[in-house]
Amino acid sequence: MLSFVIRRLLLMILMMIVISMVSFVIIQLPPGDWVTSYAAHLRAISSPASEATLEALRERYGLGEPVWRQYLFWVSGFPRGDFGIAMSMQDTPVADLVLPRFGMSLLLSLSTLVVVLGLAIPFGIIAAVNRNGPIDYLFSTVAFFALSIPSFIVALGILFISVFYFGAVSIGGLYDAQYMGEPMNWAKFKSTLEHMPGPMLAIGLGGLAGTMRIMRGNMLDVLSQQFIETARAKGLRERVVVVKHAARLAVNPIISRVGIHLPEIIGGEVIVSVILGLPTLGPLFLRAVLAQDMYLAGTIIMLFALILLIGNLLADLVLAWSDPRITYN
Amino acid sequence: MDATDTRQEAQAPAPEEEQAFRPLSVRRLMWRRFRRNRMAMIGAVLLSCMYLMIAVPGFFAPYEFDRGNPRYVFVAPQALHFLDDEGGFHVRPFVYPLTGKRDPATMRVVYTEDRENPQAIRFFVRGYDYTLFFGLIETNIQLFGVDEGTIFLAGTDGRGRDMLSRIINGGRVSLTIGLLAIVIMVFVGTAIGTLSAYRGGWFDTIVQRVIELIRSFPQLPLWMAMAAIIPPGWPSIWVFFGITIVLAMIEWTSLAREIRGKALALKTADYVAAAEVAGARAPRIIFVHMIPNLSSHILVTATLAVPTIILAESALSFLGLGIKAPMTSWGVLLSEANKIEIFRLSPWMLTPAIPLILTVMSFNFLGDGLRDVADPHSSR
Amino acid sequence: MRYLSAFAATLAGAYCLTAGGLVLAADTPLAPDDWAHKESPMLREMVDAGQLPPLEERLPANPAVVQVEEIGTFGDTMVNGVAFLRNEYIPNQIAKATLTTPTFPLPSEGPILPNVASGWEYNEDGTEITFTLREGMKWSDGEPFTADDIVFFWEDILLDENVTRTPPLVLAAGGEMAELEKIDDYAIRFKFAVPYYFANTALATLDDIAWPKHIVGEMHPKYNSEATYEELNENLLYFLGRGKVSIGAWVLEEYVPGEKFVLVRNPYYWKVDQDGNQLPYFDRVEIREVEDRQSVALGNVSGEFDSDGMWVGVQHLQLFLSEKENRQYDIGYSSVAGMAMYFNYDVEDETVREVLRDANFRRAFSVAINRDDINFVSFNDLLTTRGWAWSPLSQYYDEEAAGSYVEHDEDRARELLDEAGIVDADGDGMREAPDGSELQIIVDVSQHDLYVPITEMIREQLADVGIDLVLNVQHQDLIEERRLGRDWHVHVWDLYGTEVPLANLSLWVPVSDGQPYWHQEAASAPFSPEFAEYSDLLLSAPALPNVEAKAAIKQAGDIMSENVFGVYIGDYERPFIKSDRLGNMPDRYARIQEFGSNMPAFRYDQVFGRWDREN
């Protein structure tokens with residue numbers, strides 16, 4: 001087991017290296033670079049910059065260099081904790097920009113994940129046990145509704161209702177405006193918790209419904225297996241049969257799904273955060289990609305990837321622990 | 001699961017109420033079982049209707065979906081009336097023609113009904129030209145229409161385009177993109193997932209790393225890069241296929257992982273071991289012993305993936321990277337409606353959500369029904 | 001339009017007068033005791049605590065006196081939203097201090113006025129202009145602001161080739177950059193190669209005129225042997241410290257990347273209201289970053305933000321009106337130039353190039369467009385149609401030129417196309433190019449929630465006369481990328497520069513190679529004799545005496561409207577939103593890109609809060 005974990009950790013490092021390379025190349029795929037998009041901005045506000053200025057900027061950020069040299073320049077700073085500077089963000093060091101937002105993203109993603117699983121698994125079990133009964137139909141109907149509505153509609157709907165029906169003044173954010181720029185403290189954290197349900201709903205709704213459906217399907221699979229009949233025949237109480245025997249087995253694919261679910265949450269987070277203006281990595285990432293700010297975008301991709309790899313590793317470990325039939329050799 | 005399961009399947013006991021003496025074929029048995037699932041039947045019927053509709057959108061859509069009528073912007077859905085002002089009942093429903101005038105206080109165009117001039121709905125009317133069966137037949141017959149005025153049963157958008165016609169034509173893209181991508185995804189995902197679990201070792205490791213690599217990228221830059229690379233001169237239909245393939249190529253990974261997770265457990269099942277001992281080869285074990293046992297899961301996942309694909313397309317549209325005009329899709333329509341002023345003032349533009357929800361439900365109920373049929377254990 | 005056409009006369013007045021001889025614009029000074037203790041309580045506390053000298057010592061000898069509509073009250077914070085312009089532009093615009101300034105909120109109702117400069121004087125032949133500065137004026141850190149700061153900025157920043165800033169083209173007259181000379185601590189002089197009576201207007205378009213020599217000079221190798229150009233270039237940015245010392249109304253206090261920036265009042269600001277209260281009224285301005293236009297609009301409706309004219313637009317008007325009763329905000333209108341379609345006369349595709357170069361094709365294009373329908377659908381009936389002609393806000397406006405090829409007329413369009421040899425040869429309903437090949441014109445339009453639907457309507461309208469347009473809708477950056485190349489056919493964007501064409505001549509004619517971007521070969525190979533004539537007229541205009549210059553520019557305007565060098569839809573009334581708590585906000589203003597697109601029009605330094613925000 002230990003050797004498995006070590007091997008996975010080593011692989012993770014290798015993966016991160018590959019991811020850093022591939023992401024760096026992908027970000028540079030569209031024609032143009034940050035300077036072109038900056039020039040476009042300047043033109044949009046009708047104060048176009050001269051070619052000389054743009055050239056100087058290119059030189060300053062090393063944009064004229066071949067991609068591999070830019071890449072080496074970027075990664076060589078990593079050991080020092082230097083992830084480059086965010087060109088589109090007034091030359092703020094990337095590390096300063098992403099760290100507070102990384103925390104917010106992690107908090108939001110993980111709590112959404114936990115809430116989604118925490119609700120989806122029991123709901124799925126209940127639906128399966130009451131198969132084709134009114135509760136099952138109710139759950140399924142609600143789930144399909146939730147599944148079918150794009151997260152951007154849900155997010156805007158939440159915003160719309162809060163502003164037009166509850167008279168909210170704030171149009172988003174993850175904490176009250178007065179905490180902007182403050183380091184995390186108890187008051188800010190409390191404010192954050194108060195603001196989280198809306199975004200969590202918008203991000204997690206689709207996933208909740210989907211996971212619930214999968215859990216229901218798995219439960220039905222397991223419940224029809226012979227050992228369940230055996231357990232029932234032995235006179236165990238139905239509750240024990242369902243929870244102890246069936247659910248434990250049925251939950252396995254859900255756990256292996258966590259690794260898949262996380263990037264979905266992250267993707268949803270990007271879109272929902274854009275609409276709700278959340279101070280997470282999502283909007284920053286979108287801006288960076290649009291502005292072709294490759295150091296910033298590259299670093300954020302790596303952070304997303306890191307969340308995912310860790311999530312996958314944990315999921316595999318839980319899977320191995322919960323299902324003794326799976327062996328690693 | 002164990003080896004006895006396969007025997008059970010082979011024997012396929014007839015349901016209790018089956019009174020016929022002649023044994024029924026497996027296919028008929030399945031059909032009977034499927035038919036008994038009312039929700040699945042409803043789903044199948046609904047989907048058939050929708051696919052029929054998108055097969056000949058020109059017939060069902062009362063107006064050209066990509067042409068606006070500049071004098072009818074943001075018209076709320078027109079009511080179908082059966083009772084006239086005198087209280088008389090008409091079997092043939094009618095609508096009142098509208099005239100618009102801008103209200104200087106709200107700047108909105110207010111449409112008033114001309115109550116004197118009710119327009120009965122006519123069926124099989126001659127309207128705009130369209131072609132059927134890939135241009136073989138040219139015609140201009142629409143299912144319904146009115147002689148004078150307009151009939152906007154789902155209202156119009158900000159350019160005066162009929163929402164109903166847009167929804168019907170948008171369904172063309174949404175419904176096909178879902179199916180096409182699912183076919184690709186199921187094929188690739190199942191094959192790679194089972195193989196990865198069955199072979200294990202370095203193959204499994206590489207496949208898992210590649211999947212992780214693909215899944216580790218937020219799809220955004222990938223799509224942005226695509227949008228930048230797709231030449232502007234490309235016709236909408238090419239862009240459509242491009243997007244289908246991209247969606248499928250990213251989505252297959254989740255199925256492959258799930259299949260692998262299940263197959264890993266199956267691999268140690270007694271009957272697979274038995275088959276191995278009996279000298280069965282890898283393809284036989286995979287296709288005969290493993291995939292059939294995974295089919296219910298594949299079905300559930302595939303039906304669930306239809307909305308994922310349709311919604312992924314809508315997310316692309318939201319980011320401005322989806323289907324190109326003049327083509328449209330439910331995702332495009334919803335992202336057009338995703339504005340606070342629409343929510344507030346023209347909520348009928350959110351109606352594309354209704355067929356979307358119906359489609360998702362239908363696919364899921366259909367999936368459930370198929371699952372009952374395919375899964376030998378679920379006879380209850 | 002009613003109040004706009006006056007602009008011609010007044011802008012002209014600003015420098016036409018000068019043609020006759022000398023003109024001196026200056027403020028009348030206030031008596032010193034008039035302004036004693038008329039400052040924000042926030043500053044008074046600092047004075048009382050001994051952290052700041054008293055107001056009399058902070059103001060220049062002759063502070064700029066602003067006639068405000070209503071004497072405001074001091075204090076509180078103004079909060080605005082910002083979407084997708086997260087650079088120094090916004091803080092610069094909010095607190096900018098130009099040498100001269102147009103009359104606000106309607107430049108059409110007054111001349112160019114003194115600002116940082118208290119007055120100016122042309123020499124006899126118009127080749128020199130001398131600006132007088134305000135004696136005793138100080139930077140926000142209390143250091144004196146003198147001619148040295150302007151000269152330092154000009155010579156050591158703009159003209160120094162090692163520094164990544166370049167001098168403004170608008171100060172290059174007769175093809176040569178102006179020379180700047182210090183007369184004394186409070187006077188500077190620009191010298192031009194040719195007469196340049198546009199200079200005082202030109203300086204109203206330049207946001208940056210001086211940087212603090214006592215701070216930036218320390219980073220400059222010329223003044224500090226330890227400094228390097230590399231470091232200097234890295235430290236030029238507003239947010240890296242330069243913004244903390246300014247002569248604007250507010251200076252940067254806090255910047256939280258990606259969330260907000262906070263500006264705090266400049267204790268040494270040199271403007272007072274007519275009662276002698278030191279401006280600005282608001283102690284702080286907070287700008288919160290949101291993701292899109294819609295969030296800005298929504299935040300203004302909900303009350304999170306106080307005002308906006310930059311991100312909210314016609315698409316939000318009905319929402320604003322529908323909610324107005326329940327909320328504390330009001331709606332104003334600004335006159336703004338709308339959507340234009342630029343033709344690429346040097347497109348690589350030869351067939352398309354020949355078609356675009358045919359004046360009859362362009363005329364047909366313009367008259368095939370039904371501007372009334374577009375007005376009804378997209379502009380709430382608040383559009384004033386115009387052809388490819390100078391703006392009614394300019395002194396070159398000509399009603400006939402503005403109306404040429406504007407009226408919707410499909411038959412005329414068909415005739416013109418037939419004349420151009422663009423006919424439907426194969427009978428498929430769509431016209432082919434004169435050489436018989438399929439004609440498909442690609443229209444580049446960025447994802448703009450107003451322009452995309454309009455362009456779609458135009459596509460339908462042109463299809464009615466047999467012209468096949470293909471829309472290429474993409475993110476603005478990608479469209480911009482294509483615009484810089486030679487591949488594009490038609491480019492959709494705002495119409496710039498028809499109000500003050502001389503301020504950015506390179507938008508119109510080849511001031512140097514590669515200009516204008518829609519005719520990059522114009523310098524060496526103008527596409528038609530008409531273009532060559534128009535180009536000569538405009539290029540000669542800056543050096544001509546005013547009356548002749550005006551005639552030349554008007555003539556060029558006639559040529560461009562007759563030949564439809566581009567297609568323009570029209571000017572429109574664009575709504576803006578302002579909280580009821582803001583005092584001294586205008587109800588109307590004219591947006592002229594050259595004078596800053598909207599922020600300065602609000603003159604936030606005069607705006608005050610009638611009551612404090614709750615959050």
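No experiment lies behind these values; they were computed from the predicted model shown. Labels below follow one simple rule: chain letters A, B, ... track the order of the sequence lines, proteins then strands, and each chain is numbered from 1.
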Task: Spacing of CG belonging to C/Leu321 relative to CZ belonging to B/Arg108, to within rounding of 0.5 Å - done: 10.5 Å

Task: chain C contacts, top residue of B/Arg102, B/Lys339, B/Arg344, B/Glu341 (heavy-atom pairs, under 4.5 Å) - done: B/Arg102

Task: Engaged part of C/Ile374 at the chain B interface, taking heavy atoms whose separation is under 4.5 Å - done: neither

- [ ] Grab the two heavy atoms, one from C/Gln294 and one from B/Ile340, that are nearest each other, plus how far apart they are.
- [x] OE1-N, 3.1 Å

TODO: Using a 4.5 Å cut-off on heavy atoms from C-beta on, say whether the side chain of B/Arg71 contacts that of C/Asp373.
DONE: yes

Task: Non-hydrogen side-chain atoms of B/Asp66 and C/Glu456 separated by less than 4.5 Å - done: no

TODO: Determine the minimum heavy-atom distance between B/Pro70 and C/Met457, stating which atoms define it.
DONE: CB-CE, 4.4 Å

Task: Short N-O contact, C/Glu460 and B/Arg161, less than 4.0 angstrom - done: no

- [ ] Would you name the heavy atoms of C/Gln318 and B/Thr106 that are closest together and state the gap between them?
- [x] CG-O, 3.8 Å

- [ ] Measure distances from B/Arg159 to the heavy atoms of chain C and classify the residue's part below 4.5 Å as side chain, backbone, both or neither.
- [x] both

Open item on the list: Please classify the contact of B/Asp157 with chain C as side chain, backbone, both or neither, using a heavy-atom distance under 4.5 Å.
Closed with: neither

- [ ] Decide if atom CZ of C/Arg412 counts as having more than 12 heavy atoms of other residues, nucleotides or ligands within a radius under 6.0 Å.
- [x] no

Open item on the list: Tell me whether the count of non-hydrogen atoms from other residues, nucleotides or ligands lying under 6.0 Å of CD in C/Glu410 goes above 12.
Closed with: yes

Task: Heavy-atom proximity to chain B below 4.5 Å, by part of C/Glu323 - done: side chain

TODO: Measure B/Leu345 against the heavy atoms of chain C and call it side chain, backbone, both or neither at under 4.5 Å.
DONE: side chain

